[in-house]
Amino acid sequence: MRSLDDLLTEGVSGRRVLVRSDLNVPLHKGTGEITDDGRIRASLPTVQALRDAGARVIVAAHLGRPKGTPDPQFSLAPVAARLGELLGTTVPLAADVAGQDAAAKAAALGNGDVLLLQNVRFEAAETSKDDAERGALADRLAGLADVYVDDAFGAVHRKHASVFDVALRLPHYAGRLVARELDVLTRLSTDPDRPYVVVLGGSKVSDKLAVIEALLPKVDRLLVGGGMCFTFLAAQDHGVGSSLLEADQVDTCRRLLAEAGGRIVLPVDILCADRFAADAETSLTPADAIPDDLMGLDIGPLTVDLFTAELVDARTVFWNGPMGVFELAPFAAGTRGVAEAVSAVEGLSVVGGGDSAAAVRQLGLDEDAYGHISTGGGASLEYLEGRELPGLTVLDDRSGS
Ligand code: ADP
Ligand code: MG
C-alpha cells in the first residue's frame with residue numbers, strides 16, 4: 001500500500017489530488033451547527049501536508065444519510081466553513097459532487113488551495129450496488145484529479161464509488177489517518193502486549209457478537225457492560241426487568257460464556273430506573289436481582305470497581321461502546337468510571353466507536369490520555385472481526401488493482 005509520504009516523495013506540486021476524507025460530523029438538530037468537529041480535525045494532517053507540498057486539493061466526503069439526491073439539510077456548507085477556519089484559509093464548496101461547478105472550481109485551484117465537493121451521497125450512484133452505476137460516478141470524480149488519496153477510515157468498510165471505484169481509476173495512496181488507524185488495529189490483532197483486555201458496551205449485542213467471536217480466542221479478559229450485558233445476564237438465567245434484551249441472541253451468549261471459561265466478566269450491580277428519562281426514579285440492584293418493573297440504564301459502582309481492577313494491569317486495551325445511557329446525566333457514571341480506568345492503562349489504550357469517542361469528549365475527559373481514539377466505529381469493528389474492507393483492499397496493490 002503506497003503512503004502519503006510516497007506521494008510527497010514523488011512530488012505533488014501543481015498536481016490535482018482527490019482526497020476522500022471522513023467529515024461526517026454530528027449536527028445540532030435545531031441550529032444545524034457542528035456539535036463535535038473531531039472528524040474534521042482528524043482529517044487535517046493529510047490535507048495540510050498536501051497543501052504544504054503545493055498540491056491542488058479536492059476533498060470528497062459524505063454527511064449523514066441523504067436519499068441519493070441533493071438535500072440542504074445534509075449540505076457540507078458548515079463543514080467547508082469549519083475546515084477553512086481550522087486550515088486558516090477559505091475552502092470553497094462546489095455546488096455539485098462531480099458536475100459542472102465542481103469541474104470549474106477544480107480547474108480554478110492554485111497550488112496549495114483546497115476545494116470541498118458537495119456531499120457525495122447527493123448522488124444515488126455513490127452507494128449503489130450496481131458496479132456500472134458506481135463506475136460512472138467514479139469516472140466523473142476521477143476526471144477531476146490526477147491522483148487519489150483515501151483518508152476516510154470511517155468509510156473503508158463501504159464499497160462506495162468515492163471509496164472503492166475511484167481508486168481503481170487513479171494512482172492511489174493511503175492518507176495519514178488511514179495509516180494510523182491501520183497501525184493501531186494491526187497492533188490489536190497481532191501479538192498484543194498482555195494482559196489484553198477488551199471492554200464492550202453499547203446498545204445492541206447483535207451488532208457486536210461477531211467481534212466477540214473473533215476476539216474471544218485472543219483476549220485475556222472481556223468486560224461486558226452497556227445495554228448488551230442484559231442478554232448475557234439473561235443467558236445466566238437472571239431476570240432483567242424491562243432492560244434491553246435480545247431474546248434471539250440468548251443462546252449464542254450462553255455458548256460464548258461457556259467457551260470463554262470465565263474470561264467474560266459481567267456487571268455485579270446495575271443502576272436501574274422506572275423509565276427511560278433523566279428525571280426517572282433510580283435504584284441500585286444486584287445484577288442477578290433486577291426487579292421486573294425496572295430497566296437497567298447503567299452499570300453500578302461495584303461494577304466500575306470490578307472493571308477498574310480488571311484493567312489495572314492491562315498492557316493492551318480496546319474499548320467500544322458506552323457502559324450506560326451516558327447521554328442522560330444520571331446514567332453517565334459507569335461510562336465515566338470505565339473511561340478513566342482505560343485512560344490510566346500503561347500501554348496501548350484504544351477507544352473505538354462513534355458514541356464512545358463522543359462520550360470521552362462530552363464527559364470532558366482528556367483525549368490525549370488515550371493511545372488512540374478511532375474515528376471509525378463500524379470500520380474498526382469489521383477489521384477486528386477479520387473481515388475484508390473494500391476501501392483498504394483496493395489500496396493494496398498486491399490485490400492486483
Ligand atoms: P459505539 O458508537 O461507541 O459503537 P453503540 O452505538 O454500540 O456505541 O452504542 C451507544 C448507545 O448505547 C448509546 O446511545 C447509549 O445510550 C446506549 N446504551 C448504553 N447502555 C445502555 C442501556 N443500559 N440501555 C439502553 N441503551 C444503552
Ligand atoms: Mg454508535
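For ligands, and for the atoms within them, numbers begin at 1 and follow the listed sequence.
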Item checked: side chain to side chain donor-acceptor pair (under 3.5 Å) assessment of Ser356 paired with Asn320 -> CA-CA 6 Å; Ser356 314; Asn320 168 277; 4.7 Å; no

Item checked: Verdict with supporting geometry, Thr46 and Asp151, side chain to side chain donor-acceptor pair (under 3.5 Å) -> CA-CA 8 Å; Thr46 292; Asp151 208 27; 2.9 Å; yes

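What sits closest to atom 12 (O) of ligand 1 on the protein, heavy atoms only, is Ser203 N, 3.3 Å. Closest protein heavy atom to atom 13 (C) of ligand 1: Glu327 OE2, 3.3 Å. Among all protein heavy atoms, the one lying closest to atom 6 (O) of ligand 1 is Asp355 OD2, 2.9 Å. Regarding atom 8 (O) of ligand 1, its nearest protein heavy-atom neighbour is Pro322 CD, 3.5 Å. Nearest to atom 23 (N) of ligand 1 among the protein's heavy atoms is Gly296 O, 3.1 Å. Regarding atom 7 (O) of ligand 1, its nearest protein heavy-atom neighbour is Lys208 NZ, 2.7 Å. Closest to atom 26 (N) of ligand 1 among all protein heavy atoms lies Val325 CG2, 3.6 Å.
Ligand 1 places these atoms under 4.0 Å from at least one heavy atom of Ser356: 1 (P), 3 (O). Residue Gly226 approaches ligand 1 through these ligand atoms, each under 4.0 Å from one of its heavy atoms: 20 (N), 23 (N). Which parts of ligand 1 touch Asn320 is read off a 4.0 Å heavy-atom cut-off, strictly below it: atoms 4 (O). For ligand 1, the atoms closer than 4.0 angstrom to any heavy atom of Phe230 are 23 (N).
Each of Arg20, His160, Glu126 was evaluated against His62; a single residue qualifies, Arg20, per the side chain to side chain donor-acceptor pair (under 3.5 Å) test. Applying side-chain contact (heavy atoms from CB on, under 4.5 Å) to Phe318 and the options Val199, Leu381, Leu222 leaves one that passes, Leu381.
Within Asp355, OD2 is the N, O or S atom that lies nearest to the Mg ion (ligand 2).
For the 3.5 Å distance criterion, the side chains of Tyr383 and Glu388 fail to qualify, holding no donor opposite an acceptor. Counting only N and O atoms by type, the side chains of Asp96 and Gln100 include no donor and acceptor under 3.5 Å apart.
A 4.5 Å side-chain heavy-atom check between Leu271 and Ile299 finds every atom pair outside the cut-off.
For the residues Cys272, Gly324, Ala273, Gly354, the heavy atom positioned nearest atom 19 (C) of ligand 1 is part of Gly324. Among Gly227, Gly353, Ser380, Ala359, the residue whose heavy atom sits closest to atom 21 (C) of ligand 1 is Gly227.
Separating the CD atom in Glu259 from the CZ atom in Arg254 is a distance of 13.5 Å, to the nearest 0.5 Å. Taken from CZ in Arg82 to CG in Leu76, the straight-line distance is 15.0 Å, to the nearest 0.5 Å.
Considering backbone and side-chain atoms alike, Lys204 places every N or O at 3.5 Å or more from each N or O of ligand 1. Looking at Gly202 next to ligand 1, no N or O pair under 3.5 Å apart turns up.
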